[in-house]
Amino acid sequence: MNFSERVYHETSLIPGGRVATYSYIARRAGNPGAARAVGNILNRNPYPGKVPCHRVVRRDRRPGGFARGTREKERLLKKEGILIVDGRVPERFFL
DNA sequence: GCTCTGACGATTT
DNA sequence: GAAATCGCCAGAG
């Protein structure tokens with residue numbers, strides 16, 4: 001299993017209504033410090049529908065980017081009950 | 001193997 | 001506190 005496959009796997013484990021950070025996924029995938037690479041990998045998400053890549057946010061709790069726009073990402077999160085206060089995801093929603 | 005890119009992160013202006 | 005700067009890492013070409 002290469003790094004990117006582990007990233008998709010770990011991301012798929014995030015429960016609904018919860019979020020994780022890029023660095024957290026990088027660490028779980030066995031490569032702490034590869035947060036930036038994780039973002040690039042999720043961007044090309046080959047498993048639409050299977051991998052909830054919108055549940056991965058930045059360490060500073062800001063939403064971060066999204067292939068189809070930050071607005072859409074926020075919409076998806078809100079639909080799961082994850083509110084965004086002042087452009088940030090509250091601490092209680094983190095894994 | 002080198003260079004460039006970018007859904008990141010921490011530090012410094 | 002926003003913007004610039006630097007270090008980081010996997011993919012693509």
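Chain naming here is simple, since letters A, B, ... match the order of the sequence lines and numbering starts at 1 in each. Quick caveat, the model's predicted, so the values are computed rather than measured.
- Atom CZ of R88(A) has more than 12 neighbouring heavy atoms from other residues, nucleotides or ligands inside a 6.0 Å radius.
- Note on A35(A): only backbone sugar-phosphate atoms sit closer than 4.0 angstrom, heavy atoms only; bases stay farther off.
- If you measure from atom CD1 of I41(A) to atom C1' of dA7(B), you get 11 Å, rounded to the nearest angstrom.
- Among dG6(B), dA7(B), dA10(C), the nucleotide with an atom closest to any side-chain atom of N40(A) is dG6(B).
- Proximity of R58(A) to the phosphate of dG9(B): a side-chain N or O atom is located under 4.0 Å from OP1 or OP2.
- When rounded to the nearest whole Å, the span between CZ of R36(A) and C1' of dT5(C) equals 12 Å.
- A donor N or O paired with an acceptor N or O is not found under 3.5 Å between the base of dG11(C) and the side-chain atoms of R44(A).
- Close to dA10(C), at under 4.0 Å from its OP1 or OP2, lies no side-chain N or O of N2(A).
- Between the NZ atom of K73(A) and the C1' atom of dC8(B) there is a distance of 11 Å, given to the nearest Å.
- Atom P of nucleotide dA10(C) and atom CG of N45(A) are separated by 19 Å, given to the nearest angstrom.
- Proximity of R59(A) to the phosphate of dA10(B): a side-chain N or O atom is located under 4.0 Å from OP1 or OP2.
- The shortest heavy-atom contact between A29(A) and F3(A) is CB-CE1, 3.5 Å.
- Annotation for T21(A) and V56(A): closest pair C-CG1, 3.9 Å, computed over non-hydrogen atoms.
- Contact annotation: T21(A) does not reach the phosphate of dC8(B) (side-chain N/O to OP1 or OP2, under 4.0 Å).
- Closest-nucleotide positions on DNA chain B for S23(A) and A37(A) were compared, and the one nearer the 5' end corresponds to A37(A).
- Between I41(A) and Y8(A), the shortest heavy-atom contact is O-OH, 2.8 Å.
- Counting Ile, Leu, Val, Met, Phe, Trp and Tyr side chains that sit under 4.5 Å apart, directly or through other members, L83(A) stands alone, with no cluster partners.
- Computed from coordinates, the N31(A) CG to dG11(C) P distance equals 10 Å when rounded to whole Å.
- Counting non-hydrogen atoms under 4.0 angstrom, F3(A) reaches the backbone sugars and phosphates but no base.
- Comparing atom distances between the S4(A) side chain and each of dA7(B), dG11(C), dG6(B) picks out dG11(C) as nearest.
- Atom CD of E74(A) and atom P of dA7(B) are 16 Å apart (whole Å).
- Rounded to whole Å, atom C1' of dC8(C) lies 16 Å from atom OH of Y22(A).
- Straight-line distance from the CG atom of L77(A) to the C1' atom of dA7(B): 12 Å, rounded to whole Å.
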